[in-house]
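Data first, discussion second: the structure below is written as structure tokens.
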Amino acid sequence: MPGAGLVTVGILLGFGSADNWPAFDVASLKADNSRTGVDRVKRSAESLIVENAPLKRMIGMAYGIPDGRDYLFKGPDWMNDTNLNIYANFQPTSTDADLLLMMQRLLDERFSLKLHREAHSFSVYALVTEHPGPNLHPTDTPGSYKFSARKGHAIGVSVTTA
């Protein structure tokens with residue numbers, strides 16, 4: 001069923017300043033031209049390691065946009081084709097909010113990013129259940145799952161809810 005629109009975020013390149021935000025103690029940001037298609041993000045108590053991740057994913061991560069929701073913001077096409085390696089150290093007392101600001105500051109310093117918010121409306125669909133609730137039952141059939149969908153109907157056997 002069509003629903004309310006979502007807010008999108010456009011990223012404009014060429015402006016911005018994050019001088020008052022927390023910064024990484026040490027940070028290295030370099031292009032990754034390996035083209036392996038595999039990226040990695042690892043965080044410890046004092047460091048952040050990002051390898052072979054698209055710039056668009058890094059911007060999404062910095063601004064709290066979940067993976068797979070990159071349709072919520074847009075920018076130049078080269079953001080999808082520019083992969084990065086980031087190696088950064090920070091204080092162990094840094095909070096998650098501090099890390100987001102540090103990422104925003106790093107990207108701002110290296111790419112002169114500026115956030116510009118715009119409201120856009122578009123149709124979305126919600127999967128809803130009728131009263132008294134979903135008609136889902138645990139399976140007694142072990143083995144691989146089966147799933148088919150056509151003309152507004154979907155049938156799944158041994159399919160996880162995830």
Side-chain angles (χ1 to χ4, degrees), residues 1-129 147 149-152 154 156 159-162:
M1 114 174 105
L6 299 176
V7 174
T8 63
V9 176
I11 304 296
L12 301 177
L13 300 177
F15 308 96
S17 175
D19 293 335
N20 298 331
W21 296 351
F24 290 113
D25 294 337
V26 177
S28 167
L29 186 149
K30 295 183 179 177
D32 184 311
N33 298 315
S34 65
R35 303 287 181 217
T36 63
V38 177
D39 62 4
R40 179 177 92 139
V41 177
K42 182 179 177 187
R43 178 189 167 201
S44 71
E46 299 177 5
S47 68
L48 175 68
I49 298 172
V50 176
E51 293 177 332
N52 196 32
L55 173 59
K56 188 168 185 178
R57 180 172 182 209
M58 293 298 84
I59 293 169
M61 188 171 100
Y63 285 92
I65 299 170
D67 278 346
R69 298 278 176 106
D70 59 353
Y71 60 84
L72 292 175
F73 71 98
K74 55 187 165 180
D77 290 338
W78 60 264
M79 286 188 343
N80 298 315
D81 301 327
T82 303
N83 289 3
L84 303 174
N85 292 332
I86 298 174
Y87 303 96
N89 293 329
F90 51 86
Q91 296 298 312
T93 56
S94 300
T95 65
D96 289 343
D98 290 337
L99 286 178
L100 291 179
L101 291 174
M102 289 179 207
M103 277 293 287
Q104 290 173 21
R105 181 174 181 162
L106 178 65
L107 294 170
D108 177 67
E109 289 172 349
R110 305 296 169 91
F111 296 100
S112 299
L113 295 180
K114 181 174 176 140
L115 183 70
H116 171 74
R117 296 180 189 269
E118 296 177 3
H120 289 272
S121 296
F122 52 90
S123 295
V124 296
Y125 295 88
L127 182 61
V128 297
T129 60
F147 183 82
R150 60 183 161 287
K151 293 189 179 181
V159 178
T160 67
T161 54

4.5 Å side-chain heavy-atom contact, Phe111 and Leu29: yes
Test item: side-chain donor near acceptor, Asn85 and Asp32, under 3.5 Å: yes
Non-hydrogen atoms of Leu107 and Ala62 that approach each other most closely: CD1-CB, 3.9 Å
Separation of Thr82 OG1 from Asp77 CG (nearest 0.5 Å): 10.5 Å
Minimal non-hydrogen separation, Tyr87 against Glu51, with atom names: OH-OE2, 3.0 Å
Exercise: identify the closest heavy-atom pair between Leu48 and Phe90: N-CE2, 3.8 Å
Between CZ on residue Arg105 and CZ on residue Arg110, distance to nearest 0.5 Å: 11.0 Å
Result of checking Asn33, Asn83, Asp39 against Asn52 for side-chain hydrogen bond (donor to acceptor under 3.5 Å, both in side chains): Asn83
Nearest atoms (heavy-atom pairs only) where Gln91 meets Asp25: NE2-OD2, 2.7 Å
Distance in Å, Ile49 CD1 paired with Arg43 CZ, rounded so as to fall on 0.5 Å steps: 12.5 Å
Asp96 CG to Leu99 CG distance, which is reported to the nearest 0.5 Å: 6.0 Å
Nearest-0.5 Å distance that lies between atom CD in Glu46 and atom OG1 in Thr93: 9.5 Å
Shortest non-hydrogen contact from Ala53 toward Met58: CB-CE, 3.8 Å
Side-chain heavy atoms of Ile86 within contact of Met103, under 4.5 Å: yes
Distance in Å, Ser28 OG paired with Leu106 CG, rounded so as to fall on 0.5 Å steps: 9.0 Å
